[in-house]
K.L.:
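Handing you a structure now.
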Amino acid sequence: MAKYYVTTPIYYVNDVPHIGHAYTTLAADVLARYKRMDSADVFFLTGTDEHGQKIERAAREKGLAPKELADRVVVRFKDLWEKMKITNDDFIRTTEPRHERVVQWLFKTLYDKGDIYLGTYEGLYCVGCETFYTKQQLEDGRCPVCKREPEMFSEPNFFFRLSKYQDALLEHYEKHPEFVKPRLRLNEVVSFVKQGLSDLSITRTGFKWGIPVPNEPEHVIYVWFDALINYISALGHPEEGGELYEKFWPADVHLIGKDILRHHAVYWPAFLIAAGLPLPKCVFAHGWWTVEGEKMSKTFGNVVDPHEMIDVYGLDQFRYFLLREVPFGMDGDFSKEAIKARINSELANDLGNLLGRAQGMCIKYFSGRLPAPGPTEGIDEALIEAAEEMDENIRTAMEDVAFQQALGALMGFVDRVNKYIDETAPWTLFREKKTDRLARVLYDVLESLRLIALHFAPFCPDSAQRIWEALGQDGEVCNARYGTHGKWGLLGTDVEIRRTPPLFPRIEQ
Ligand code: MSP
């Protein structure tokens, strides 16, 4: 059985979750759900990044110990994932002993190999991003990402010999261009590495909130060295092996935002090469959301709260919008108008209406029970072909992590089925008492809806389940498998169709 290991970044606990966090986690959830339905053995990991100066400061401001703050905020993340029906298999916190021991082990392993040495760090550090910058990287003297002014640092630090791995990294990008996606991000990474890599400071002495360096308790491990290792520590200890580690490492895809590309596509593979561990197969960097055209920030007071969006628009509507609105990998703009437009046109008008029309006709013409359908005609064969095309296009899109394209293929088929109804005009067949033909047309519509439910399930699981049940299908649609349930013609001819409430009510205001 194929295996599939997908991860999200682990989120900082200095603040509560917003739409940016929801976005990556949702994307990972859709991939995980899709791969499970595609019969893969899936491991889906998310978690929280709980160490570092940023958390320590945030806790101090609230009069809490860092761990107390983490314990409070972690609940907010877990609650949101539950509300969003996220199907992660594990949730790792970097303060857990199972994580800390692997971090210390990797530190020691690299130290023993001579890839970590003690030196003095002098330079600029952005506390907001927990990242070092050179003067050239700053914009107007400020951090290029969060625009805060970086702080000057000078202290004894342990360094990782990143410079030694420049050639190995370039060779890896060359041999495995699929390692960083989209392509544009690969180009960015390659040119960054070609400019030359300096060794990376991976410890701090100025504060306490971190994993101690083995045998050097006044040094704590840099939060990024600590955090990246979660992708392995959640599976187990590499030296001890263990079932999960053996089965799932290396990861198939690390989903991340574009701002943390360098950490994932340069530092992380360098640590792994140094340790002699296999590299993840792909790092996929998505774009950022702005809100009504503005950068989202607490200062502007425009941070989008996922809870509110779900309460106002509905969970599946929110899930659908995030992955349908922009190609995954590009930046997008979040606005109430945009989410309303998507819901009303695609979900309510196209898909919701299709189900409503199908139910209405089955009930009106046959009291909800179709008689045996007549033979297929050319127009039916064309519909069946369109269903097969949808299946192929969705598969290709999902292999490319192209959610928008996958949903485009699905909605294209929904349109196709609506047109099929218009073209076959069941109302005329009814008037003319062409019962066999009418039963064939309605069967084809219902069967199309069954396939739509199957492909919709990873994105909008609750609505897919409602379609599934409306078609009289047993069990959970997410337990269906594309390999066995994805073929045309599996809908029994004896289903009973009843009226159900509208799938997606229109949003009026
Ligand atoms: N803790 C690190 C990740 C360590 S992974 C080993 C971190 N955490 S974070 O909480 O600040 O951010 C997590 C993710 O949220 C990042 O992938 C980031 O890109 C994403 N987003 C934050 N704001 C965003 C938007 N406005 N839009 C989309 N995603 C954004 O970084």
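Counting begins at 1 with the first residue of the sequence. Both ligands and their constituent atoms are indexed starting at 1 by order of listing. What's counted below: heavy atoms across the whole structure, side chains too, no hydrogens, waters or symmetry copies.
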K.L.:
For the aromatic rings, using the six-membered ring if either is Trp, is the centroid distance between H264 and Y231 under 6.0 Å?
P.N.:
yes

K.L.:
Which pairs of N or O atoms, one from ligand 1 and one from the protein, are separated by less than 3.5 Å, and what is the distance for each pair?
P.N.:
residue, atom, partner, partner atom, Å
ligand 1, 1 (N), I10, O, 2.8
ligand 1, 1 (N), D49, OD2, 2.7
ligand 1, 10 (O), Y12, N, 3.2
ligand 1, 10 (O), H21, NE2, 3.3
ligand 1, 17 (O), G257, N, 2.9
ligand 1, 19 (O), D259, OD1, 2.5
ligand 1, 19 (O), W288, NE1, 3.1
ligand 1, 26 (N), W289, O, 3.2
ligand 1, 27 (N), W289, N, 2.9

K.L.:
Please list all pairs passing the salt bridge (charged side-chain N to carboxylate O under 4.0 Å, His left out) test where one or both residues lie in residues 402-413, with sequence neighbours left out.
P.N.:
none

K.L.:
With a 3.5 Å distance limit and no angle check, can you tell me whether R319 reaches the backbone of M84 through a side-chain donor-acceptor pair?
P.N.:
yes

K.L.:
Got a donor-acceptor contact below 3.5 angstrom from the K258 side chain to the A285 backbone?
P.N.:
no

K.L.:
Does a sphere of radius 6.0 Å around CG in D140 hold more than 12 heavy atoms from other residues, nucleotides or ligands, not counting ones at 6.0 Å or beyond?
P.N.:
no

K.L.:
Would you please test R33 and K85 for side chain to side chain contact (heavy atoms under 4.5 Å, CB included) and show each step?
P.N.:
CA-CA 11 Å; R33 285 173 178 270; K85 308 228 165 142; 3.8 Å; yes

